[in-house]
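To find a chain, count down the sequence lines: A is the first, B the second, and so on, and within it residues start at 1. These figures come from a predicted structure and were not determined experimentally. What's counted below: heavy atoms across the whole structure, side chains too, no hydrogens, waters or symmetry copies.
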Number of protein chains: 2
Amino acid sequence: MPYGFNNRILHVDLTGKNISVEEPGENFYRTYGGGPGIALYYMLKDMPPGVDPLGPENLLVFAPGLLTGTVAPCVPRYTVCARSPLTGAFGKSEAGGWWGPELKAAGYDAIVIKGQAEAPVYLWIDDGKVEIRDAGKIWGLETGTAAAAIKEELGDERVRIAQIGPAGENLVRYAAILNELGHFNGRNGLGAVMGSKKLKAIAVRATGRVEVCDPQRLKELSRWVSAEAKVHPLSKALHDMGTPGGVEGNNAAGALPTRNWTNGTFEGYEEISGTRLNQEILVKRGGCFSCPVRCKRVVRVSGEYDVDPRYGGPEYEALASLGSSCGISDLRLVAKANEVCNRYGLDVISAGLTIAFAMECFENGLLTLEDTGGLELRFGNKGIFLELLRLIAYREGFGEWLADGSVALAKRIGKGSERFLMHVKGQELPMHDPRVKTGFGMQYALAPQGADHQYAQHDPFFVPGNPLGQKAGRPLGILEGVPATDLSWRKVRTILYTSFLNFSYDSLGACVFGFIARSVTPYNILLEIIEAVTGWETSLWELMKTGERLNTMARLFNCREGFGRDDDRIPERLFTPLKSGPNKGSLAIPPDDFRKALDLYYAMAGWDEAGRPRQGKLLELGLDWLAGV
Amino acid sequence: MPYGFNNRILHVDLTGKNISVEEPGENFYRTYGGGPGIALYYMLKDMPPGVDPLGPENLLVFAPGLLTGTVAPCVPRYTVCARSPLTGAFGKSEAGGWWGPELKAAGYDAIVIKGQAEAPVYLWIDDGKVEIRDAGKIWGLETGTAAAAIKEELGDERVRIAQIGPAGENLVRYAAILNELGHFNGRNGLGAVMGSKKLKAIAVRATGRVEVCDPQRLKELSRWVSAEAKVHPLSKALHDMGTPGGVEGNNAAGALPTRNWTNGTFEGYEEISGTRLNQEILVKRGGCFSCPVRCKRVVRVSGEYDVDPRYGGPEYEALASLGSSCGISDLRLVAKANEVCNRYGLDVISAGLTIAFAMECFENGLLTLEDTGGLELRFGNKGIFLELLRLIAYREGFGEWLADGSVALAKRIGKGSERFLMHVKGQELPMHDPRVKTGFGMQYALAPQGADHQYAQHDPFFVPGNPLGQKAGRPLGILEGVPATDLSWRKVRTILYTSFLNFSYDSLGACVFGFIARSVTPYNILLEIIEAVTGWETSLWELMKTGERLNTMARLFNCREGFGRDDDRIPERLFTPLKSGPNKGSLAIPPDDFRKALDLYYAMAGWDEAGRPRQGKLLELGLDWLAGV
């Protein structure tokens, strides 16, 4: 009898409407974990190289973490993976909420979807029963309306739904998947993959639960973490302000991306700050299954911009990408734009940054009113903003130009517009400035899924003197702090180790906010949680090696798809100093040092000079089936 | 205030008679641990390449483990390191007993000795006071007599003494260092290095103690381990039978080296077995400081061979090297030969195997009575055996031929005699047959100190179905057993991981018998012990990385001294089947598979094709000062 997992992988072929269940055995879970580990296994084993991301051969994998669905704290997450239509590389996006735990409780550890339905469908998982149902009536609906329609059709208000909106249906290459309307697998355009398969939603209802090895001990550990979360400064700050707290801090550091990264401070930052959000539009704090932190925001706005609280509220990433990046300082408009992205199922970062890129092109005369269909694409132009998002989601008018992302747009525009692009591997940059924290630059460059800020994560914590970083680093063997702008071997090692750590967190379903930099939950408590759930005597070594295994598999997937050293490149703009703010004229990333740091990462990771994992490393990680041996 | 260590390294220059103390700081100890980590640091930093192992430039380092000297269980050990006069490579030998704990309690974490005294001296460490004293009167004395003389001179019976015997004084290249007459840094001829420095002994007396962070918790943990040791099958077996229990088991497996490895079974095995030893000559069980296992033997023999119980009793290695390897089945004679080695300060393995090699040469006509001074060097010739050992220790007659080890002897003999050599890097093989357990072959080939059976260690535990191996392997990520004769990537990974683990144990002063294969003491208990001693929140990752760091430093030292891929070679005899016993005609190691396995170890370890650590690996391990960066 397995504990913590079900030993059941659900395979769904939408072309043939075949459904089957595989039982891969305990060692499979211990080797690959849950989440992205399961996805990578099937993507490397069952998917030929070079498939069309929007074709039937692409695999779309939904996989909760190994601990997800238990009452363990802060482990609500699930991964969605596929070959990304935005990047062409390994696509991966994590979300919290309630859907992942529900799937585990229904008896499945992952859903591996292939093929393409002829007409729109949705998947209905009622405990052990799995059904492919007609979605003709809900196709085309906004997310909120669609969710309500599914619940009505199934006659159960408590059904958990992961779904796409019109953006996914219309194959917008940065369409999101969302669950419970407020939790997002936002990045990498995986909503478009779901759309290409004509799969509107996956509805799940469980009456069972995930069995754990030592429920009493798990309860004790959960209580310990919950108590700690109440007093720990980081979780308290996340509870009080949520991620929007980042607006003020980043602006003060000169690291708030503004007007498509032409600036690191925004004159309107106070308007879109977490403080203002709390004061003016916050209704309540939201959270995820079994999480004591509750960092999510729920906002309501009435008046010019009606914001429906069912859709939650903007995170820091949304405030900066839809706000400062586009020069918009109206909190209510940004909250509405965020809600509109959620209604349509758009990734807020890529949506905001693709618009910001277009705005910079427009301001510089590379786009004309003729191109935009008469839209004055100036930074800060509030009047056109919501319309732009609608045009994107429905691929109407100028929206068609924007719907494939900023890199495709630059190709369409030409005229040297690519100098304004802020992307890695085709994915638009998250809202953390690598000039101020070089580790983010390394994360962006190295993350297999393209620019991502949760690939190695711990950058702000490891600076000298930060007690959180010290606690996080020492059990990893990182004894001294690493300055924020450092690019020496010390920074590289920190990125290497935390890239392993974060992949292992993802495989567990662990949210970085409960485990970031081992704060709130120390490593040894996490290990005890894993033991209480699974019955395994494990170690931080085993955990790190699982993370390294997944990181290596993702790299190998990308190598297979033709990605290499040249694709690990950050935008040129980051090699030039900021033009204003506290870091004015300084802090450009030295390009040679940066390239050397990436090469050193390869070397430390056991990859060759071209960035390809060496055979010895693959074998050391037990990946003999990928080593050609 | 440091816990667990003193932050004091004692430097002694015997040429200039200078004594100084260095305080390297907490991060030094956390990076390198104690024991071999400290030695490697100074040997790589302060010692130029290519020094004469018996010259004044060789550094001789005595270093107890990081936990040694505390009441933590099973951590009594200290390392002695230098460039080895037997191999020319990194020399390293561990011993238990009481001397290491005494040195730590006296306030020092290591002694780094350089130079060469003009006339014999000994070092006297009386808590903080350090004195270089004249050893004119004790030079030349057997170990027991010398120890008594030093105690009398110092007027303190409780002085702990590490010392050499006549063999070390006479620069026998496999001379041992011993403490309390029954604990040995036997291998690598480090006693000759001590002799070359004219340093007869290091006497230590401490009235202080090593401070620990949480004495109460440490006491609880120690009690837990002691209770476990009473019931755990492995520690119980070690207590009851000691290592001599290995004679019967290995003979049954066809793995008892017999007549210079020409056979794996010995017709006289019962006579020299642990059972017989217990029945006939055992006086009592001995042990080390703060160890609940008490695996050591104390024997007494009267009659033809008087064996003085002060010198302890033979281990398995002695019974097989002085017994079956030389065809000798008289338990009392083997016990006496063991005692004689202890009196003279000779390594039993190299002494026995050098004689065994000479015997095979004699039997095959490559040595004559003229060469041997009339000694009939036939296997099983009891009458010459003790005399041979005396000749070696004093380099008299044919002893001069034998005193530089088997490889030097083969050069002297010529005539193709090297085909009978059983060594790696010039050090004679320990008593475990790699044909029956291929992991021992890998250990022998890869250990930086030459053939060594405690370099990776866990070979017998990881076979399929062994619950000890399962418990040991899973937290390391080794989920499945590896067959004894396997040479696939699975075996290589097991050797890789346990080579890190064992180096980390050495750095802690931990005895494999308390921690082998995580039995008796699980990893998490060990981590708690480290935390209770030092106050550090650590992890198995940090521990493994420390082990990997030391393993890499040792390899780098050897590269610097000209060792490379060609030196990682086991004797040809192991590539041919055994001629009798249960494995007759089978189980030769496939030479191509073996070479591939070694190459794969390099690859997994982050070394290049020539077996040299890559720069990326050095930097990942924080060894920037060795990476030329």
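Residue Arg474(A) touches chain B through both its backbone and its side chain, counting heavy-atom pairs closer than 4.5 Å. For chain B, no part of Tyr602(A) is nearby; none of its heavy atoms comes within less than 4.5 Å. Residue Leu479(B) touches chain A through both its backbone and its side chain, counting heavy-atom pairs closer than 4.5 Å. Heavy atoms closer than 4.5 Å to chain B are found nowhere in Thr546(A), neither backbone nor side chain. Heavy atoms of Leu527(A) lying under 4.5 Å from chain B are absent altogether. Using a 4.5 Å cut-off between heavy atoms, Tyr601(B) does not touch chain A at all. With a 4.5 Å cut-off on non-hydrogen atoms, Arg30(A) touches chain B through its backbone and its side chain both.
A perpendicular orientation is assigned to the rings of Phe500(B) and Trp541(A), their planes being inclined by more than 60° (bins at 30° and 60°).
Heavy atoms only, all atoms of each residue included: Gly616(B) and Met604(A) are closest at O-CG, 3.4 Å.
For the atom pair OH (Tyr523(B)) and CD (Glu542(A)), the distance works out to 10.5 Å, reported to the nearest 0.5 Å. Going from atom CG of Leu543(B) over to atom CG of Leu540(A) covers 11.5 Å, rounded to the nearest 0.5 Å.
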Exercise for the section: Before giving the answer on side chain to side chain contact (heavy atoms under 4.5 Å, CB included), spell out for Leu619(A) and Leu600(B) the whole-Å C-alpha distance, their side-chain angles and the decisive distance to 0.1 Å. Expected result: CA-CA 9 Å; Leu619(A) 289 172; Leu600(B) 184 53; 3.5 Å; yes

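Taking Glu23(B) as the reference, nothing meets the salt bridge (Lys or Arg N to Asp or Glu O under 4.0 Å) condition, with sequence neighbours excluded.
The candidate from Lys617(A), Arg493(A), Arg549(A) with the greatest count of non-hydrogen atom pairs under 4.5 Å with chain B is Arg493(A).
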